[in-house]
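Below you'll find the structure, written out as structure tokens, and then a few comments.
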Amino acid sequence: MERYDHQKIDPPSHKATEGRGKMDRYNHQQIEKKWRTKWERQKTWKVDLAKAKKPYYNLMMFPYPSAEGLHVGNVYAFVGSDIHGRFARMRGNDVFEPMGFDSFGIHSENFAIKQGTHPKEQTAKNIKNFTLQLKHLGGLFDWEHSVTTSEPEYYKWTQWLFLQLYKAGLAYKKEAPVEWCPSCKTVLANEQVIDGKCERCNSEVIQKELEQWFFGITKYAERLLKNLEWIDWTEKTKIAQRNWIGKSEGLVFTAPVKNSKLHIQTFSAHFEAFQADTFVVIAPDHPLLETLIEDVPNKKEILSFSQKIVENREKEGYVEEKKFEGIFTGRYIVDPVGNGDLPIWVASYAIKEYGTGIVKCSAHDERDFAFAKKYGIRLKPVLFPKDKEQKVRVEKLEECYTDMLNGYLAEPNEFSGKRAGDARQEVIKYVIRKGLAEPKTQYHLRDWLISRQRYWGPPIPIIYCRKCWEIRNPKSGIRNLIVGHDYTIIEGKEHMIVPVKEKDLPVLLPDVEDFRPSGTGKSPLASVASFVETTCPECKGPAKRETDVSDTFLDSAWYFLRYPSVEAKNSVLEIRNSKLEIPWNQQITRRWLPLDMYIGGHEHAVLHLLYTRFITMALKDMGHIEFEEPFKKFRAHGLITKEGAKMSKSKGNVVNPDEYFVKYGADTVRTYLMFIGPLGEGGDWSDKGIVGISRFFNRLWSFAENAQLQKRAETLLLRSSGVLAQGVEIEAVRHRTIKKVTEDLEGLRYNTAIAALMEYSNEFSKKTVTLDQFNALLILLSPFAPHLTEELWEKLGNEGSVHNQPWPEYDPKALEEKVVRLVIQVNGKVRDVVEVSPGIKEKEAVALALAQEKIQKWFPTKKPKNVVFVKGRLLNLVSY
RNA sequence: GGGCAGGUGGCGAAAUUGGCAAACGCACUAGCCUUAGGAGCUAGCGCCGCAAGGCUUGUGGGUUCAACUCCCACCCUGCCCACCA
């Protein structure tokens, strides 16, 4: 533990002030330690998961335990969530607030590689450090129900989950072009490629064909979209998910290829101007291309050209793809909608994964337009803007016009003169009625690639068996085997895919010396013979293990299900738990899930949150759980920056929370972070700003210290050094504060809640305060500053713990004001303010206003022409 | 190129959703206290002006008795996504 210089930083017993008895700074280190120990010993935050009456599952996204230790960003997120949990707890809920570690994954592995330590050792070290730091935070964390994703007792169940998805037909293997990072030497998920570069190391990503495991998340696209309508999530997050799923309704046209028996299908989402189609493009790597050009004389040339395009793509990634390349295939389609014979071109910008990989093109798409111009392909615009001059430019093919909403159609006759946006639905009906096209829904969402050619993850629990293939192959009468799901091809030979038996889980990650990625496209596990060589669970013959591990996102896609069912270590229950056939206890799960509140970073708005929803839905469909949405409520917190910039080690602007825990205490750090701005928006950390909270707390401390306690009519009166006044008005402020703080905590507006508490406490220096009134402040402040409020609670002779007090209610009657300030405006400009009784009538108010000197001069002779009166608030006299 | 969020004092921000713009805090200024200091207390603090008063929520327009708030156009910043037809 770091030590600090008492002389310089924060003298606990302030020599200078002692003599004068003016201002005592509180010793946060001593106090926080005292309560930390006490709470831990008394298990103050423990809930009985089996019996809790009002279960409230409050979760924060668990951290990846980095070697750098807890980050202020972590602290911000956890405190924001913890305050919510404490608030819910004081409102009578049994709050379960667990904490764990997302310790598998490329982060840990890369760090270990750099340091030359083994990820296992490094992770253990990091977790130890994190746990220590987390315990200083003053959270409600239930450490008896913690998870660590890299522990066999956890990843055993991650593997179990894989097997369930496999059984349900949701896991399959296929060769796929994948994003490959030459530096990290691994496959990346689409999501990990930023601007054609690796998210982690920033090197150019290339494409590579590899056999990969996928999860069929696209089967759930519609449901993932649909449920967004009712879950209580922030609209921002929902929009991000909608965009990611990327549903677009379009049409598939089927067209015969001229002089051939072939038919091809084209997809378009913008088909309103279908009469403008003049050519067709096909993706250079489209599987149909070779068949299509079978009889074309320059077939070889076309294929090698296409090959070149694909290679260029791989080399350059998807970055500078502004240039268009293509080649004519020599073939035509007979356009079903009557545009005649349309030439088919191979085009660099056509991608085989989207739609059908073949598109009908027209003058009304930027890329089609540019491509056609380059190769001199005929264009025929049918969609025009209202503006005459612009229309001429479009007609002359000087300008590409793409407005499918506001443009006007010229053809066909049925739609001539119609706005494209209005015609859309009719066009759909028209082409379908004529049998020209089929409606098709296309999603941007792709299946989830979960294979990683890495070491630090859960081995995928699959075994490949040649012998089983020989026994069960189609020639021996068993048919309908699906490639990728039932069998795969390894080194040119078919092998049956045999899932590991559940009773044999976990497939332990072997301890190896060399965990570095091999760079061959295979996981480091592939070179561990004792791991690879195994026995087939079906035929008992020799077989090989899958050597890839699964994506870290799979670990975090189900952890919330595990927490409540984790049993304390070394107990009898642990042994019973190990007999569980599924990773959770059904009764406890029924009681606690789905989650009541989930708080985490917006950067996970799509990936983690979408995967989690998918896994939950799949588990429900398999009958393992009874709900299909994991989080009833989700709120995203913002980012904490330093001088406006994202904190990063390379910039050297990382704020280390430890330093501030020592200097100011956890309570001050907690409260300051929440004071910066609304939780959802984050904000900028300032070393100066934190002293405001520090002063606020020291004032409270000093106030309680110096207060003279005296019995008077059964009420303890606290008198500050300030003026003695009747403690009447402060009662109104108290109730107003209760109302404000309560509403702000409900809406996660912690910053304004703190401001309200400061205002309330500022009253204390002016007035006499009863113990009840002071206690109200302590209770309202306790979610923010759990240690300090507990200490003061005790110090003032209160019974029990401040944290076990019920959340105060406000009395609406106490809010009623006896005098209000009435704003008087003339022509909408404020000219005066008068104090009146809240019930003042319009007539009286006008009379009163006109009697004011400042108002009179605006109406020397005449009367106001018009009067607007907002009861108890405002009076506007209009002179015109 | 697309989506989302945002633009208010020197700074972080607030404004009951159309009704006193700048609450609360930081920084700053003056005074007090003093065992002289990274402490505390009192007061001040959007801009211009000695004042009366005038001006002020990215820019320009509009609606309204009244606009930070609603509508239209534009500019800027941040985040996320992008060969998605």
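Each chain gets a letter, A, B and so on, in the order the sequences are listed, and its residues count up from 1.
- With both pairing distances under 3.5 Å, U77(B) is matched to A5(B) as a Watson-Crick or G-U wobble pair.
- With distances taken from any side-chain atom of Ala350(A) to the nucleotides A85(B), C20(B), C26(B), the minimum falls on A85(B).
- As a whole-Å value, the separation of Asn827(A) CG from A66(B) P is 8 Å.
- Residue-level contact check: Phe267(A) touches the bases, meaning some heavy atom is under 4.0 Å from a base atom.
- Look at the P atom in both G25(B) and U42(B): the space between them is 12 Å, to the nearest Å.
- Nucleotides U57(B) and G46(B), compared at atom P, are 16 Å apart to the nearest Å.
- Nearest to the side chain of Lys663(A), among G38(B), C24(B), A85(B), sits G38(B).
- A43(B) and A36(B) have their C1' atoms separated by 22 Å, given to the nearest Å.
- Nucleotides U69(B) and U8(B) place their C1' atoms 12 Å apart, quoted to the nearest Å.
- As rounded to the nearest Å, G9(B) and A27(B) have C1' atoms that lie 12 Å from one another.
- Separating the C1' atom of C33(B) from that of A39(B) is a span of 11 Å, rounded to the nearest Å.
- A heavy-atom distance below 4.5 Å is found between the side chains of His608(A) and Phe553(A).
- Rounded to the nearest Å, the gap between the P atom of G62(B) and that of A67(B) is 12 Å.
- Comparing A85(B), G19(B), C65(B) against the side chain of Tyr349(A) picks out A85(B) as the nearest.
- Look at A82(B): it lacks any Watson-Crick or wobble partner with both distances under 3.5 angstrom.
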### Task
For nucleotides 3-18 of chain B, just jot down a letter per nucleotide in 5' to 3' order: B, S or -, based on protein non-hydrogen atoms under 4.0 Å.
SS-------BSS-B--
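- Listed pair Arg695(A) / G25(B) fails the phosphate criterion, with no side-chain N or O lying under 4.0 Å from OP1 or OP2.
- Nucleic acid contact class of Asn876(A) (heavy atoms, under 4.0 Å, all strands): base.
- The distance between atom CZ of Arg446(A) and atom C1' of C81(B), rounded to the nearest whole Å, is 13 Å.
- With a 4.5 Å cut-off on side-chain heavy atoms, Val281(A) and Lys360(A) do not count as touching.
- No side-chain heavy atom of His28(A) sits less than 4.5 Å from a side-chain heavy atom of Asp667(A).
- In the set C20(B), A23(B), C65(B), C20(B) carries the atom at the smallest distance from any side-chain atom of Val830(A).
- Comparing A82(B), C26(B), C41(B) against the side chain of Val691(A) picks out C26(B) as the nearest.
- For an aromatic pair to be called close, the ring centres must be under 6.0 Å apart, and Phe696(A) with Trp701(A) fails this.
- Considering only the side chain of Val868(A), C65(B) comes nearest among A82(B), C65(B), A85(B).
- Atom name P, nucleotides C24(B) and C45(B): the rounded distance is 12 Å, in whole Å.
- The side chain of Glu759(A) approaches C24(B) more closely than any other nucleotide in the set C24(B), G19(B), C65(B).
- For an aromatic pair to be called close, the ring centres must be under 6.0 Å apart, and Trp345(A) with Phe279(A) fails this.
- The nearest whole Å value for the distance from the CD1 atom in Ile245(A) to the P atom in C81(B) is 16 Å.
- For the pair Gly689(A) and Lys829(A), nearest-nucleotide mapping onto RNA chain B gives the more 5' position to Gly689(A).
- The base-pairing partner of G25(B), taking Watson-Crick or G-U wobble contacts with both distances under 3.5 Å, is C11(B).
- U17(B) adopts a syn glycosidic conformation, its chi angle falling within 90° of 0.
- Separating the CD1 atom of Ile693(A) from the P atom of A27(B) is a distance of 12 Å, rounded to the nearest angstrom.
- In summary, the aromatic rings of Phe371(A) and Tyr349(A) are positioned with their centroids under 6.0 Å apart.
- With a cut-off of 3.5 Å on both pairing distances, C68(B) has no Watson-Crick or G-U wobble partner at all.
- Residues Lys829(A) and Arg831(A) meet the side-chain proximity criterion, which asks for heavy atoms closer than 4.5 Å.
- As rounded to whole Å, 12 Å separates atom C1' of A39(B) from atom CZ of Arg699(A).
- Across the protein-nucleic acid pair, His444(A) atom NE2 and C80(B) atom C1' stand 12 Å apart, rounded to whole Å.
- Positionally, the nearest nucleotide of RNA chain B for Gln825(A) lies more toward the 5' end than for the other of Gln825(A) and Ser268(A).
- The partner of G18(B) is absent, by the rule that a Watson-Crick or G-U pair needs both atom distances under 3.5 Å.
- Within a 6.0 Å radius of CD in Glu222(A), other residues, nucleotides and ligands contribute more than 12 heavy atoms.
- The aromatic rings of Tyr76(A) and His637(A) stand perpendicular to each other, their planes meeting at an angle above 60°, with 30° marking the opposite boundary.
- With Phe784(A) as the partner, the side chain to side chain contact (heavy atoms under 4.5 Å, CB included) test is satisfied by one option alone out of Leu673(A), Ile693(A), Thr671(A): Thr671(A).
- Of the listed nucleotides (A23(B), C83(B), G19(B)), A23(B) has the atom at the smallest distance from the side chain of Ala755(A).
- Across every strand in view, G37(B) sits unpaired, with no contact that passes the Watson-Crick or G-U test at under 3.5 angstrom.
- For the pair Phe253(A) CZ and A85(B) P, the computed distance is 15 Å after rounding to whole Å.
- In the set G19(B), G54(B), A27(B), the nucleotide with an atom closest to the side chain of Arg831(A) is G54(B).
- Distance Phe696(A) CZ to A39(B) P: 19 Å, rounded to the nearest Å.
- In G9(B) the base sits syn relative to the sugar, since the glycosidic angle is no further than 90° from 0.
- Under the Watson-Crick and G-U wobble criteria, each requiring two contacts below 3.5 Å, nucleotide U42(B) is paired to A30(B).
- Taking a 6.0 Å sphere around NZ of Lys871(A), one finds it holds 12 or fewer heavy atoms contributed by other residues, nucleotides or ligands.
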